[in-house]
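First comes the structure, then the notes that go with it.
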Number of protein chains: 4
Amino acid sequence: MSKYKALKEQAWECNMEIPKLGLAIYTFGNVSAVDRSKGVFAIKPSGVPYDRLKPREMVVVDLEGKVVEGSLRPSSDTNTHAVLYRSFSDIGGIVHTHSTYAVAWAQAIRPIPIFGTTHADHLVEAVPCTEVMDDEMIKGDYEEQTGQQILDAFKKRSYKEVEMVLVACHGPFTWGATPGKAVYNSAVLEELAKMAYLTLTINPKAPELKKTLIDKHYQRKHGKNSYYGQK
Amino acid sequence: MSKYKALKEQAWECNMEIPKLGLAIYTFGNVSAVDRSKGVFAIKPSGVPYDRLKPREMVVVDLEGKVVEGSLRPSSDTNTHAVLYRSFSDIGGIVHTHSTYAVAWAQAIRPIPIFGTTHADHLVEAVPCTEVMDDEMIKGDYEEQTGQQILDAFKKRSYKEVEMVLVACHGPFTWGATPGKAVYNSAVLEELAKMAYLTLTINPKAPELKKTLIDKHYQRKHGKNSYYGQK
Amino acid sequence: MSKYKALKEQAWECNMEIPKLGLAIYTFGNVSAVDRSKGVFAIKPSGVPYDRLKPREMVVVDLEGKVVEGSLRPSSDTNTHAVLYRSFSDIGGIVHTHSTYAVAWAQAIRPIPIFGTTHADHLVEAVPCTEVMDDEMIKGDYEEQTGQQILDAFKKRSYKEVEMVLVACHGPFTWGATPGKAVYNSAVLEELAKMAYLTLTINPKAPELKKTLIDKHYQRKHGKNSYYGQK
Amino acid sequence: MSKYKALKEQAWECNMEIPKLGLAIYTFGNVSAVDRSKGVFAIKPSGVPYDRLKPREMVVVDLEGKVVEGSLRPSSDTNTHAVLYRSFSDIGGIVHTHSTYAVAWAQAIRPIPIFGTTHADHLVEAVPCTEVMDDEMIKGDYEEQTGQQILDAFKKRSYKEVEMVLVACHGPFTWGATPGKAVYNSAVLEELAKMAYLTLTINPKAPELKKTLIDKHYQRKHGKNSYYGQK
């Protein structure tokens with residue numbers, strides 16, 4: 001029996017959440033779950049539709065993206081996941097989707113402004129959007145470079161406070177302390193993307209949320225004196 | 001056995017309507033039900049996802065928001081509910097959601113204009129939007145102040161004729177004679193918010209509904225000679 | 001046993017289609033079915049939610065809108081139905097909904113332009129929108145006058161070729177040779193309303209469909225040499 | 001037993017995907033499946049609702065559109081399918097829908113710009129939109145001419161690289177090596193149409209995707225060194 005069985009089941013379960021939450025159709029998107037002690041992560045095999053995906057088909061790779069266990073090819077985005085696991089040392093899972101509204105903002109090459117408390121409950125600034133990749137990077141190791149683009153966007157912010165990003169012209173990546181939290185962040189991001197879209201259409205001059213409200217909402221949920229949720 | 005069992009079950013049932021009606025995802029939103037004779041209300045525990053919520057987990061608090069029964073923390077919005085129950089003496093339930101279109105109007109800091117008879121069937125004016133809270137209030141007792149912002153918006157209107165409000169940059173609160181009616185109002189508000197959004201996109205100069213039509217529709221449903229519904 | 005049993009069941013079944021098709025929530029909307037030989041129509045009782053509606057609760061009224069059988073009040077829109085049955089002598093059913101996109105066009109007080117063949121498959125011109133009712137009419141017999149507004153809009157067009165209308169600031173009414181066809185028309189109207197909304201947003205100068213294409217599509221489905229559907 | 005039984009079942013199954021995927025309501029849309037060795041294709045009968053459609057009712061026609069087997073009339077769009085099968089010699093199935101966002105672009109008479117990698121994963125340019133048909137063609141053999149309009153749009157592009165098209169003022173046609181792939185393309189097209197719609201609303205000046213990114217995504221999925229999917 002595989003020593004990665006539990007990890008593969010966890011990754012599989014989180015992958016199966018993606019179509020249920022309406023975050024991707026067909027084979028779009030992928031979720032991975034990492035086991036830091038074993039130095040590996042399990043990820044969706046490339047191009048396999050969710051409705052046929054089996055737990056044992058999850059591919060186990062090391063943090064360089066090399067296959068450790070599994071007969072199928074891992075997701076073509078595996079190297080992007082690997083970059084993030086190497087640099088964001090405390091995350092437990094990563095999700096990439098092509099959810100409709102988040103992709104629209106990525107294609108518009110615009111960060112998602114922070115307009116309200118739903119957003120501030122989860123992060124204290126706009127959802128960042130990477131730079132458009134330059135041609136050298138695209139022709140090089142593209143998926144690795146996609147990860148680098150994300151790292152660049154996090155030079156001036158913390159991956160623990162902002163657990164989501166838009167890759168310009170492409171779509172969203174999210175992460176979290178657990179793979180389940182990363183999936184949650186993908187669903188929340190799609191909702192924030194839709195709310196911001198509607199807000200801007202109603203009022204193209206809608207102001208960003210004021211700093212005091214951002215802090216209040218973020219701190220009541222995530223600060224050291226937080227009182228949202230259970231102890 | 002808890003003497004609040006029936007109240008907690010009523011509150012639980014109404015909370016469970018929220019995700020079914022598509023008015024909130026995950027732990028967003030909360031419903032409370034009041035028992036005026038006992039001076040308490042039952043409310044959703046904070047941060048518990050709807051699909052795991054149990055009737056016995058509902059938290060019973062007094063009208064100052066102090067816990068009377070229950071081992072979980074009540075919703076972080078409990079004090080806002082408490083303010084409303086103290087001031088709106090005839091309401092039986094309160095609902096707070098993050099429904100998408102209503103939040104968009106709140107984030108745009110715009111009242112929802114009364115464009116048609118669907119709206120006039122329920123209230124005779126735009127759905128009001130509170131002022132943006134000033135920094136002192138935010139840093140003070142935030143949830144209490146959120147309630148105060150709502151009360152301010154109702155100085156010049158009746159909470160019995162207008163059973164819904166947008167808290168600027170945040171989202172909707174609704175109420176009603178019963179918790180079930182409050183839930184109904186949340187679903188209606190979301191529909192009005194969507195209709196108004198589409199109306200403005202089709203015709204940015206769409207006029208507000210004329211007074212005679214507003215009165216006709218509101219009176220045929222709610223006036224003393226109403227003929228909508230059953231006797 | 002009621003001699004209207006079959007009629008009431010037919011009307012009930014068609015009413016139950018409305019929430020299934022997503023054309024109305026709660027108690028919004030109503031469907032009626034006429035029996036020309038008996039001079040009556042069966043219609044939804046006022047304010048009863050679809051999920052509790054029973055076939056025997058359908059109210060039977062004559063073509064003046066007077067109750068013939070049933071213990072509940074008929075829909076508050078009954079007189080509008082009655083006007084249409086008296087004037088549109090070949091229709092078998094009428095539907096009124098508050099479907100979201102059709103209401104938005106009605107609230108924008110704009111006919112729905114004929115932009116494509118989906119529209120031309122069903123009617124050869126824009127979906128008409130009535131005038132806004134003047135104050136005298138509103139204060140008079142409102143529902144009767146709503147019917148009159150619709151008749152006015154059909155002075156220059158045939159109710160057999162155009163089986164749908166928007167009542168300004170209110171919402172859609174549709175009809176057809178059978179109640180089932182009237183329901184079908186309500187669903188088609190909502191789809192046309194959504195398509196036209198999106199079309200205008202993409203291209204505010206989108207042209208109306210050219211006459212030859214309108215005729216071709218309408219005639220291949222409804223003309224004497226039609227070849228759409230089965231003989 | 002019919003010698004076309006397997007072909008008819010395949011066509012039926014693919015037709016049944018259309019309403020499940022939300023790509024058409026009622027009788028809108030049609031799918032066909034070709035058997036090149038027998039020189040025939042099976043197609044949906046005209047005007048039959050999906051929920052009553054039976055495998056044995058599929059109509060088998062030759063590549064000129066003449067009925068070979070079946071007692072029902074074939075889809076009114078049969079001749080358009082026939083033109084495409086004759087000219088696009090390697091396709092195995094064709095789908096026509098009235099999916100909402102794709103129709104909106106067709107009605108706006110606008111190709112769908114290539115804004116992101118979701119699009120580039122499937123084709124390397126905008127989804128083309130045909131010219132509006134001129135009056136002579138409309139009055140002639142309309143469905144045959146619709147096919148000709150599509151062929152005209154493919155004079156300067158390959159039907160193997162671009163498996164989808166918008167017929168101006170009408171709606172989308174897609175095809176593929178198999179009928180299943182053609183259905184997949186219809187669902188993908190609708191998603192691309194929605195993403196592009198939202199992108200343009202957020203940023204009316206959103207740039208088209210740069211050539212290097214288009215090539216990278218298309219080649220990693222479809223090029224000779226592709227590494228997306230399984231071998």
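All chains are named by letter (A, B, ...) in the order of the sequence lines, taking the proteins before the strands, and each is independently numbered beginning at 1.
- His217(B) touches chain C through its side chain: at least one heavy atom from C-beta onward sits under 4.5 Å away, while N, CA, C and O do not.
- Ionic pairing of Glu69(C) and Lys3(C) is not present here: no N-O contact between side-chain nitrogen and carboxylate oxygen is shorter than 4.0 angstrom.
- Heavy atoms closer than 4.5 Å to chain B are found in the side chain of Val132(C), but not in its backbone.
- Residue with the most contacts toward chain B among Thr27(C), Val48(C), Val167(C): Thr27(C) (heavy-atom pairs, distance under 4.5 Å).
- Neither the backbone nor the side chain of Pro74(C) comes within less than 4.5 Å of any heavy atom in chain B.
- Glu17(B) and Lys20(B) are joined by a salt bridge, as a carboxylate oxygen and a charged side-chain nitrogen come within less than 4.0 angstrom of each other.
- Contact of Ala120(B) with chain C is not made at all, since no heavy-atom distance falls under 4.5 Å.
- For Ile138(C), the parts sitting under 4.5 Å from any heavy atom of chain B are the backbone and the side chain alike.
- Proximity to chain C (any heavy atom under 4.5 Å) is shown, for Lys205(B), by neither the backbone nor the side chain.
- Highest contact tally toward chain B, considering only Cys169(C), Pro204(C), Pro45(C), Ala106(C), is held by Cys169(C) [criterion: heavy-atom pairs under 4.5 Å].
- For Ile109(C), the part lying under 4.5 angstrom from a heavy atom of chain B is the side chain only.
- For Glu191(B), the part lying under 4.5 angstrom from a heavy atom of chain C is the side chain only.
- One N or O on the side chain of Thr130(C) and one on the backbone of Ala168(C) form a donor-acceptor pair closer than 3.5 Å.
- Interface check for chain C: of the options Leu209(B), Leu198(B), Asp121(B), the most heavy-atom pairs under 4.5 Å are formed by Leu198(B).
- The pair Asp215(B)-Lys211(B) meets the salt-bridge criterion, with a side-chain N (NZ, NE, NH1 or NH2) lying under 4.0 Å from an Asp/Glu carboxylate O.
- Salt-bridge check for Lys181(B) with Glu163(B): passed, with a basic side-chain N closer than 4.0 Å to an acidic carboxylate O.
- Residue Ser75(C) does not touch chain B at all, counting heavy-atom pairs closer than 4.5 Å.
- With His119(C) contributing its side chain and Glu125(C) its backbone, the two residues share a donor-acceptor pair below 3.5 Å.
- Most heavy-atom pairs under 4.5 Å with chain B, from the set Leu72(C), Ile25(C), Thr201(C): that is Leu72(C).
- When heavy atoms are compared at a cutoff of 4.5 Å, Glu143(C) approaches chain B solely by way of its side chain, counted from C-beta outward.
- The contact between Arg73(C) and chain B is made by backbone and side chain atoms together, counting heavy-atom distances below 4.5 Å.
- Checked for salt-bridge contact, Lys5(B) and Glu9(B) meet the test: a charged N lies under 4.0 Å from a carboxylate O.
- Both the backbone and the side chain of Ile202(B) come within contact range of chain C, with heavy atoms under 4.5 Å apart.
- Remark: Arg86(C) engages Glu144(C) in a salt bridge, criterion side-chain N to carboxylate O under 4.0 Å.
- Geometrically, Lys44(B) engages Tyr50(B) in a cation-pi contact defined by less than 6.0 Å to the ring centre and at most 45° from the axis.
- Leu200(B) does not touch chain C: none of its heavy atoms, backbone or side chain, sits under 4.5 Å away.
- Taking both residues in full, the closest heavy atoms of Val40(C) and Val34(C) are given as O-CG2, 3.3 Å, listed atom of the first, atom of the second, then distance.
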